[in-house]
Amino acid sequence: MQREAVLHPGGPLLVFAGAGSGKTRVIVHRIAHLMSDHKVPAFRIFAATFTNKAAKEMRSRIEAMVQGGASELCMGTFHSLCALLLRRHAKEFGVKRDFLIYDENDQIEVIKSILDEFDLSPKEIDPRKIASRINRAKDQLKNPEDLIGYENEVFLEIFRKYQQSLAKAYAFDFGDLIMQTTIALENDSNLRETIASRFIHVLVDEFQDTNHAQFRLIRALSSAHRNVFVVGDDDQSIYGWRGADRRNIEEFRKCFPEARVIVLDQNYRSTKRILRVANAVIQKNKHRAPKVLWTENEDGDPVSVVRCASDRSEADFVVKRIKEMQRSGIPLTSIAILYRTHAQSRPFEDSLIAHGIPYRIIGGFRFYERTEIKDAIAYLRILFRPEDDVSFLRIVNRPARGIGEQTIQAIRQVAEEKSISLWDASKELIANSLIKRRSGLYQFIEWFDQVRNEAKSKLEKDGTIRIAQLAKRILEESGYLDWIEDDESRIENINAFLGMMEEFQDAYSAESPVESQGGEWGVLRTFLEQLSLEGESPKEEGEALALMSIHASKGLEFPHVFLVGLEEGVLPLRASNEEELEEERRLAYVAFTRARKTLTITLALERYLFGFRRHQQPSRFLWELPASEIKLDFGEEKGWLL
DNA sequence: CCGATTCGTGTTTTT
DNA sequence: CACGAATCGG
């Protein structure tokens with residue numbers, strides 16, 4: 001069946017690919033096949049993946065199969081691909097080529113400013129909830145006007161203001177990237193013709209986790225040729241909270257009635273026992289396409305279920321088990337600990353450190369989310385885009401320059417009246433001598449303007465500029481470094497960040513010396529963009545154990561998996577309705593099916609949760625495990641509950 | 001206006 | 001527990 005999918009002659013194809021059925025392999029081979037046997041030029045293939053990391057891996061696997069050209073593939077997340085299209089065809093899309101990308105933190109800051117302006121405290125209205133509602137609207141390709149009558153006026157007013165703020169800063173949020181691209185393609189038939197006829201083949205991985213906007217994008221992109229190849233598994237849809245719509249699978253069949261459907265239900269990854277456990281659990285979901293994965297692999301060991309007294313002893317147990325495995329020659333890289341929430345990693349980290357076992361946390365609190373790194377980024381963004389109010393507010397008084405509430409309000413007022421950015425409003429105040437020459441704001445604006453001008457003229461003269469050097473200068477002259485000098489780790493982080501910039505620029509100028517689309521600030525802009533789109537570059541070195549959330553484990557596999565915290569309130573974390581419960585169950589399913597050889601499930605009777613020590617009930621999912629495939633382990637105590 | 005301190009609140013998952 | 005917001009003295 002894999003072969004059928006790879007060699008599919010053309011037209012729409014829907015591949016139902018169960019966990020471990022060789023989904024990635026099929027996509028990789030499919031692309032390689034198109035390139036070498038059908039002579040499809042790489043740049044005419046559009047392939048959307050779930051993460052940029054996955055794209056990178058696939059790209060290098062394809063590179064190894066075809067001789068060269070894989071670097072030309074348009075492959076990445078929907079967000080990166082849309083950013084690419086919008087930039088490359090900025091004129092046709094009617095957008096500014098140098099747009100910034102706002103991530104969720106930026107969104108929250110914008111919303112907070114708006115709430116402030118409306119005299120609403122963040123207590124009455126949760127900015128995160130607003131952000132989420134805005135994002136969900138965009139997933140449906142809806143703007144505020146489309147929602148009149150469906151959403152309350154206050155929200156719509158905030159939404160409108162929010163869009164204005166982004167427009168002023170020439171910024172797009174994640175939702176805009178998809179929405180702008182899709183709407184333009186749908187409404188402008190010339191543009192659609194140009195773009196859609198360029199991409200002869202459209203491939204989509206993890207199709208079950210696409211949202212409605214992404215579906216419409218796929219439809220528009222494949223309108224010319226209908227060579228659309230989607231791969232997914234409704235049982236692994238775990239991003240409903242982010243707007244993913246599993247109905248896209250049915251929608252696809254409606255929209256492409258001639259589509260061929262191929263089912264990959266042979267699993268090549270796990271043992272029979274692990275698979276039986278996973279199958280048994282997922283079958284409890286009512287809303288799914290019926291299917292049963294099978295395998296020719298060996299039976300393997302029973303799945304162990306271990307009850308521990310507390311979160312601490314759960315961690316100690318797992319670490320003890322890992323030490324035993326290590327002694328018997330199992331490499332740490334073949335083991336993973338999976339949990340529902342990042343908060344659960346703490347006790348494991350403590351225990352691993354105590355035992356001197358190297359580990360790596362995937363996802364979670366990221367480097368670039370540290371305050372000092374965010375500050376540095378904000379300085380760079382203001383340099384590149386003075387109209388970026390979010391960054392302006394962030395650093396205008398860090399370090400303290402005597403610019404407080406009063407001054408900010410004055411700037412805000414001018415900005416509001418003239419409908420300009422805070423930066424321009426500040427300049428306005430200075431020009432009208434409403435601000436004293438000796439004031440902090442005056443000095444700050446003058447100084448920064450000078451830095452920007454010098455950098456610009458240097459760029460014009462030399463054609464290039466070392467961004468790390470520039471950043472260093474800014475952080476020094478602004479007094480930021482002195483301000484944090486007592487904090488050793490912050491200084492270190494800043495230095496690491498500067499190092500990242502150096503590295504990035506070397507790689508960048510080696511890769512695209514001439515073709516640096518995006519104007520004179522190309523390097524800087526691309527650097528900032530990568531930061532918001534994919535976070536820091538992953539440094540994967542050395543023999544280490546992996547810790548990650550179940551979400552982050554999607555698409556990965558490990559010979560040995562520990563799934564921890566199988567308790568009510570942890571997994572399932574919430575189950576206020578059937579829809580939510582089923583998504584939690586799919587999460588458990590995804591976790592089970594990461595394991596190749598052994599799967600160990602643990603739970604604690606007591607754990608720290610919400611600041612309290614709480615006694616925990618075993619997860620309802622434990623009762624769904626087939627007794628014949630599992631081995632109960634009583635841990636330290638007696639009196640098993642099941 | 002600054003910075004330190006206290007207070008209170010609220011906790012998923014991520015492009 | 002950890003963060004941000006409110007508060008207060010300088």
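Below, chains carry the letters A, B, ... as their sequence lines are ordered, and counting in each starts from 1.
- Residues forming a salt bridge (Lys or Arg N to Asp or Glu O under 4.0 Å) with Arg61(A) (at least two apart in sequence, or on another chain): none.
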Quick one: which protein N/O atoms are closer than 3.5 Å to N/O atoms of nucleotides 12-15 of chain B? Pair and distance per line, please.
{"from": "dT12(B)", "atom 1": "O2", "to": "Arg340(A)", "atom 2": "NH1", "distance (Å)": "3.3"}
{"from": "dT12(B)", "atom 1": "O2", "to": "Arg340(A)", "atom 2": "NH2", "distance (Å)": "2.5"}
{"from": "dT13(B)", "atom 1": "OP1", "to": "His342(A)", "atom 2": "N", "distance (Å)": "2.7"}
{"from": "dT13(B)", "atom 1": "O2", "to": "Trp241(A)", "atom 2": "NE1", "distance (Å)": "3.0"}
{"from": "dT13(B)", "atom 1": "O2", "to": "Arg340(A)", "atom 2": "NH2", "distance (Å)": "2.6"}
{"from": "dT13(B)", "atom 1": "O2", "to": "His551(A)", "atom 2": "NE2", "distance (Å)": "3.4"}
{"from": "dT14(B)", "atom 1": "OP1", "to": "Ser549(A)", "atom 2": "OG", "distance (Å)": "3.1"}
{"from": "dT14(B)", "atom 1": "OP2", "to": "His342(A)", "atom 2": "NE2", "distance (Å)": "3.3"}
{"from": "dT15(B)", "atom 1": "OP2", "to": "Arg366(A)", "atom 2": "NH1", "distance (Å)": "3.2"}
{"from": "dT15(B)", "atom 1": "O4'", "to": "Arg242(A)", "atom 2": "NH1", "distance (Å)": "3.4"}
{"from": "dT15(B)", "atom 1": "O3'", "to": "Thr77(A)", "atom 2": "OG1", "distance (Å)": "3.3"}
{"from": "dT15(B)", "atom 1": "O2", "to": "His79(A)", "atom 2": "NE2", "distance (Å)": "3.1"}
{"from": "dT15(B)", "atom 1": "O4", "to": "Glu104(A)", "atom 2": "OE1", "distance (Å)": "3.3"}

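- Annotation: salt bridge (Lys or Arg N to Asp or Glu O under 4.0 Å) contacts of Asp316(A) (sequence neighbours excluded): none.
- Of the N and O atoms on the side chains of Asp375(A) and Tyr480(A), at least one donor lies less than 3.5 Å from an acceptor on the other residue.
- Lys284(A) NZ to Tyr589(A) OH: the interatomic distance, rounded to the nearest 0.5 Å, is 15.5 Å.
- For Arg586(A) and Asp234(A), the salt-bridge test fails: no basic side-chain N is under 4.0 Å from an acidic carboxylate O.
- Distance CG (Asp126(A)) to C1' (dA5(C)): 14 Å, rounded to an integer number of Å.
- Looking at Asp209(A) and Lys554(A), a side-chain N of the basic residue comes within less than 4.0 Å of a carboxylate O on the acidic one, giving a salt bridge.
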Interface polar pairs with nucleotides 2-4 of chain B, N/O, under 3.5 angstrom:
{"from": "dC2(B)", "atom 1": "OP1", "to": "Asn397(A)", "atom 2": "OD1", "distance (Å)": "3.4"}
{"from": "dC2(B)", "atom 1": "OP1", "to": "Gly402(A)", "atom 2": "N", "distance (Å)": "2.3"}
{"from": "dC2(B)", "atom 1": "OP1", "to": "Ile403(A)", "atom 2": "N", "distance (Å)": "3.1"}
{"from": "dC2(B)", "atom 1": "OP2", "to": "Asn397(A)", "atom 2": "ND2", "distance (Å)": "3.3"}

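- Nucleotide dC1(C) holds its P atom 11 Å from the CG atom of Asp350(A), rounded to whole Å.
- Checked against a 6.0 Å centroid threshold, the rings of Phe348(A) and Tyr339(A) do not count as neighbours.
- Counting to the nearest Å, the P atom of dC1(B) and the CG atom of Leu441(A) are 11 Å from each other.
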Short N/O separations, protein against nucleotides 8-10 of chain C, under 3.5 angstrom:
none

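- Checked by atom type, the side-chain pair Gln107(A)/Tyr162(A) shows a donor-acceptor distance below 3.5 Å.
- When the salt bridge (Lys or Arg N to Asp or Glu O under 4.0 Å) test is applied to Arg401(A), no partner is found at least two apart in sequence or on another chain.
- Ion pairing between a basic and an acidic side chain is recognised when a charged N comes within 4.0 Å of a carboxylate O; Glu582(A) and Arg288(A) show no such pairing.
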